[in-house]
2 protein chains.
Amino acid sequence: MASLGELERAVMDLLWAGQEAATANTLRDQLARTSAAQGGPGHEGKELAVTTVLTVLSRLEKKGLVERERGTRPHRYQAVSSRADHTAELMHEVLGSAPDREAVLARFIGSVSEGEAETLRKLLGHV
Amino acid sequence: MASLGELERAVMDLLWAGQEAATANTLRDQLARTSAAQGGPGHEGKELAVTTVLTVLSRLEKKGLVERERGTRPHRYQAVSSRADHTAELMHEVLGSAPDREAVLARFIGSVSEGEAETLRKLLGHV
DNA sequence: CTCAAACTTCTACGTTTCGTAGAAGTTCAA
DNA sequence: TTGAACTTCTACGAAACGTAGAAGTTTGAG
């Protein structure tokens, strides 16, 4: 239950980017704008139905990625964890299924940029 | 195009475990045995149709995970890359889609066992 | 208090992916 | 040449996802 669909991901990206909890309507508008920007000129921002966004949010909630405030009238939605946390968790999930974890880490480290290698050294630095 | 179904994964596990390229028939037999072992007593190894295995192998080939020798009469199949390589690649894929790579790495490192941290230090050539 | 606008929930359909395999076509050895 | 073994083609059911209308609920304006 790890992977997301295209629209699900787009919604998560907005929730991760925004600081505040958002409503379905807000998200729908933002989706229209971002898809317009990405699609280039002539490609009008496609307005999704609000129910579409709500369905996606419900599914994300069921997956444990999104939390909703039910108190407020337009419910407000927010990501349960930050994008960085979520991504790191995913990486652990991928790694976790391997019986040869150390070998995987070796391959992984082998193809990391020097800058990132430096970051890793610092993070691992003190024993 | 990263995630695999249950049967697809089982086949890849066999291909990764085996040293030699395998035929569809061999794989079918191995699948029956491993599923029996995993299912416990009473759970007979379910014999899949060979065509089922072939379909899965074709799909894995299309995904670039499996290579087949077409010269030999029973075609022989093998994994394109090792499990470790593939897993490491997956980790990079997951990481790659993040705009905040360093933050992700920080979270990732934060939840790695001490033994693995040590491995990573060695791999990074600690200063 | 009433009612319409706004909001949420329910239900549904088309597409893609995957497990599963029969039917049909191809190849090789006897 | 022909039948057994093998491959390819076609297909169907289930689950996930994009998409949204229909129906039910809440609330603010009057």
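Below, chains carry the letters A, B, ... as their sequence lines are ordered, and counting in each starts from 1. Heavy atoms only: backbone and side chains are in, while hydrogens, waters and symmetry mates are out.
Looking at residues two or more places apart in sequence or on another chain, you find no salt bridge (charged side-chain N to carboxylate O under 4.0 Å, His left out) involving A:R59. Evaluation of the side chain to side chain contact (heavy atoms under 4.5 Å, CB included) rule for A:S82 yields A:A84, A:D85, B:R107 as partners, not counting sequence neighbours. The salt bridge (charged side-chain N to carboxylate O under 4.0 Å, His left out) search around B:E61 returns B:R68, B:R70, not counting sequence neighbours. Every ring-ring contact (aromatic ring centres under 6.0 Å, His included) that A:H86 has, sequence neighbours left out, goes to A:W16. Residues satisfying the ring-ring contact (aromatic ring centres under 6.0 Å, His included) test with B:Y77, not counting sequence neighbours, are none.
Salt bridge absent: B:R9 and B:E6 never bring a charged side-chain N and a carboxylate O closer than 4.0 Å.
Remark: P of D:dA15 and CD of B:E6 are 12 Å apart, rounded to the nearest angstrom. What separates CG of B:L60 from P of C:dT17 is a distance of 14 Å, to the nearest Å. Here the C1' atom of nucleotide C:dT16 and the NZ atom of B:K62 are 12 Å apart, to the nearest Å. Between the CG atom of B:L48 and the C1' atom of C:dC18 there is a distance of 13 Å, rounded to whole Å.
In terms of phosphate contacts, B:K63 brings a side-chain nitrogen or oxygen within less than 4.0 Å of OP1 or OP2 of C:dC18. For D:dG18, neither phosphate oxygen OP1 nor OP2 lies less than 4.0 angstrom from any side-chain nitrogen or oxygen of A:T52. Using a 4.0 Å cut-off, some side-chain N or O of A:K46 falls inside it from OP1 or OP2 of D:dT19.
Each of A:G71 and A:V53 was assigned the nucleotide of DNA chain D with the nearest heavy atom; the assignment lying further toward the 5' end belongs to A:V53.
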Which atoms of nucleotides 7-9 of chain D (N or O only) lie under 3.5 Å from a protein N or O atom, and what are those distances?
unit_1	atom_1	unit_2	atom_2	d
D:dT7	OP1	B:R73	O	3.3
D:dT7	OP1	B:H75	N	2.6
D:dT8	OP1	B:R70	NH2	3.2
D:dT8	OP2	B:R68	NH1	2.8

